[in-house]
Structures are given as C-alpha cells and as structure tokens.
Amino acid sequence: MSTLGNEAPFDFDGAYGGDYEYIARTVIPGYRSSFRQALALLEGRLGTSPRVLVVGAGTGIELVTFKTARPGWRLTGVDPSRQMIEIARHRTREAGVGDGVRLVHGHVSDLDEDGFDAATCFNVMHFLPDDGAKQALLRDIARRLAPGAPFLLFELHGDRTGPRFDELFAAWSRYWEIQGMGEAERAAFRAKIDEGIHWASEARILELLAGAGFEDAWRYYRALLYGAWISRRPR
C-alpha cells in the first residue's frame, strides 16, 4: 500500500521514494520487462564484461536484473537520492550480486570515471525541467561514454498540445485503477504529476539527444505515455 503524502512532489528521500517500487510497478506499463528488454538490446552490442553506467539507480531492480543475468557485467549506479542508494545497496546485497556493483550518491557530473561501454537512464528525465537541465543531464552522460557506446533512455513523455495526448493520459489514468490503485491514491498521484512532471514530446526528446551528441536514435518501445529510445555516442 502506498503512502503518497502531501510533501513536495516526487521527494525521493521521503515517503514517495520509500514507496517508489510499489508505485512504479503500478503505474508504469512494462516496468519489469523494460529492464529485460534493455539487457537484450545491450547484450547484442557489448562484450562479455562491459562497464555499464545506470543513471537513476533507484531501488536497484535494474542493477539486479542486469547482474543476475550477466554476472560479468561491471555496473555503476548513480542517484541523487541517498534513500534510493541505500535501498539499491540493500537489494543488490540481498540478491547476492553486490560484487561488481558500485553505487554513487550524487549526479553523473560527480563521477570520477568515464569510458563506459554503455549507459541507461530510465524514468529520470521527466522530473527535470526543460530549462537546460534535461540537456545538461544527457550531455553529462555522453561525456562519460566511450566512442560508439550505446545509450538507452526510457521516458514518460508526450506533447500536451497534440491530438492524442488527452486520450492517452485518460487511458493511463484508468490503467492505475486497473492495476489496483485506489481512488484517493490516484488523486494524490495525479496532483504530483500536475506539479512535478516536465513533459517533452518525442520530437523534443530526439532533439535533446542530438543536442547532447548522440546519433542514430530510434524508439524501440512504446506503451501509452511511456517510450524508450536507443542511440549511441559517435565513434
């Protein structure tokens, strides 16, 4: 059961962060399979023991998914929320995959290493305003990658003035109910979205990727208002 409260929207060091796993499983179509899809795509482009940067380590589900399936991968997870880092640390240890996983409390710009063979950024960028913050994050990720390294981005997105946005948003809201979220929870979550989500259209996301120096970007997944793109740093 969620304890969505009246604190600032999407406080990952507060009640929302503590409930994040429940909320993500409830509102994100394909939440768990998204990490397995990422694994399948990345594996086709990487060697046997790549160094992978996971931006927004969150509760550690992505790290555990990657490391359990491919123990030889070396993972660095970064997250600005101390609570998220501690949850991820506990989950990776509990799953027995802590070796070869480095967790960093901070931002991508704080990392003291680069030359990663791949990077992912799932469910992060829609929390950032499009006032330079989205672009700065993508540029920071690009700087940490080796030439030719793939990058996967998974985003809540949409053009709020577009012809299908309202229909898709209404369907997404009904999805929460179908998933078992109660009326009060849905109202609280909708209020958080209205206050704390910074929407970008797919065209804008592709523009931001290009502006950060990524190339050959294409969407490999779509579910209601969620989408995922793969691109790469130029060789």
Side-chain angles (χ1 to χ4, degrees), residues 10-14 16-25 28 30-125 127-128 137-155 221 228-233:
F10 307 115
D11 178 5
F12 285 91
D13 280 309
Y16 181 84
D19 280 347
Y20 180 75
E21 189 64 32
Y22 157 79
I23 297 166
R25 289 172 185 263
I28 302 176
Y31 173 65
R32 290 298 298 269
S33 67
S34 68
F35 304 129
R36 294 190 287 268
Q37 290 179 56
L39 174 64
L41 275 168
L42 288 176
E43 190 173 35
R45 298 183 177 216
L46 301 177
T48 57
S49 58
R51 294 169 55 235
V52 179
L53 173 61
V54 175
V55 180
T59 61
I61 293 293
E62 183 178 358
L63 297 167
V64 170
T65 300
F66 288 174
K67 195 68 175 172
T68 299
R70 299 295 178 261
W73 287 24
R74 293 165 291 164
L75 309 178
T76 295
V78 59
D79 202 297
S81 164
R82 187 173 297 280
Q83 179 173 224
M84 293 290 96
I85 287 292
E86 291 308 314
I87 293 172
R89 194 183 313 279
H90 173 76
R91 177 161 274 124
T92 54
R93 287 175 177 171
E94 186 178 50
V97 296
D99 291 344
V101 175
R102 180 190 179 203
L103 292 170
V104 178
H105 173 232
H107 298 86
V108 177
S109 58
D110 298 323
L111 292 174
D112 57 4
E113 56 183 318
D114 54 21
F116 287 96
D117 300 301
T120 66
C121 183
F122 279 33
N123 301 306
V124 172
M125 205 168 70
F127 296 115
L128 302 177
L137 172 62
L138 293 174
R139 285 176 176 163
D140 284 340
I141 294 170
R143 292 188 188 104
R144 295 300 186 277
L145 292 175
F151 171 54
L152 272 63
L153 178 70
F154 186 100
E155 266 301 291
Y221 178 78
W229 297 262
I230 185 168
S231 59
R232 69 184 179 200
R233 184 177 175 185

Is any side-chain heavy atom of Val108 less than 4.5 Å from a side-chain heavy atom of Arg144?
-> yes
Roughly how far, to the nearest 0.5 Å, is CE of Met125 from CG of Leu137?
-> 7.5 Å
Can you tell me how far the CZ atom of Arg91 sits from the OG1 atom of Thr59, to the nearest 0.5 Å?
-> 4.5 Å
Side-chain touch Arg36/Thr65, heavy atoms, less than 4.5 angstrom = yes
Verify side chain to side chain contact (heavy atoms under 4.5 Å, CB included) between Thr92 and Leu75, making sure each step is shown before the conclusion.
-> CA-CA 11 Å; Thr92 54; Leu75 309 178; over 6 Å; no
When rounded to the nearest 0.5 angstrom, what is the spacing between CG in Leu145 and CZ in Phe151?
-> 8.0 Å
Heavy-atom side-chain contact between Ile87 and Met84 under 4.5 Å = yes
Heavy-atom side-chain proximity of Leu53 to Glu113 below 4.5 angstrom = no
Any idea which heavy atoms bring Asp99 and Lys67 closest together, and the distance?
-> O-CE, 2.9 Å
Give the minimum heavy-atom separation between Gly56 and Val124, together with the two atoms involved.
-> CA-CG2, 3.8 Å
d(Ile61 CD1, Phe66 CZ) to nearest 0.5 Å is 12.0 Å
With sequence neighbours left out, the residues meeting side-chain hydrogen bond (donor to acceptor under 3.5 Å, both in side chains) with Arg25 are Glu21
Distance col, row Thr48:OG1 vs Glu43:CD, nearest 0.5 angstrom, shows 10.0 Å
Of all heavy-atom pairs between Ile85 and Gly77, which one has the smallest distance, and what is that distance?
-> CD1-O, 4.3 Å
With Arg89, which residues qualify under side-chain hydrogen bond (donor to acceptor under 3.5 Å, both in side chains), at least two apart?
-> none
Candidate pair Tyr221 and Leu41, rule side chain to side chain contact (heavy atoms under 4.5 Å, CB included), full reasoning | CA-CA 11 Å; Tyr221 178 78; Leu41 275 168; over 6 Å; no
Got a donor-acceptor contact below 3.5 angstrom from the Arg233 side chain to the Ala118 backbone?
-> no
Would you mind reporting whether Cys121 and Leu138 have side-chain heavy atoms less than 4.5 Å apart?
-> no
Look only at the side chain of Arg74 and the backbone of Ser49, and say whether a donor-acceptor pair between them is shorter than 3.5 Å.
-> yes
So Phe122 and Phe154, would you call those rings parallel, tilted or perpendicular, with 30° and 60° as cut-offs?
-> parallel
Do Phe35 and Thr120 have side-chain heavy atoms sitting under 4.5 Å apart?
-> no
Flag, side chain of His105 to backbone of Val78, donor-acceptor distance under 3.5 Å = no
Mutual orientation of the aromatic rings belonging to Phe12 and Phe10 [parallel < 30°, tilted 30-60°, perpendicular > 60°] = parallel
side-chain hydrogen bond (donor to acceptor under 3.5 Å, both in side chains) with Arg45: which residues, sequence neighbours excluded?
-> none
Got a second to check how far Glu155's CD is from Phe127's CZ, nearest 0.5 Å?
-> 8.5 Å
Backbone N/O of Gly58 and side chain of Asp79: donor-acceptor pair under 3.5 Å = yes
Side-chain heavy-atom pair Leu63, Leu103 within 4.5 angstrom cut-off | yes
Just by distance, do the side chain of Asp117 and the backbone of Arg51 share a donor-acceptor pair under 3.5 Å?
-> yes
Under 4.5 Å between any side-chain heavy atoms of Val55 and Asp140, yes or no?
-> no
Under 3.5 Å, is there a donor-acceptor pair between the side chain of Asp13 and the main chain of Arg82?
-> yes
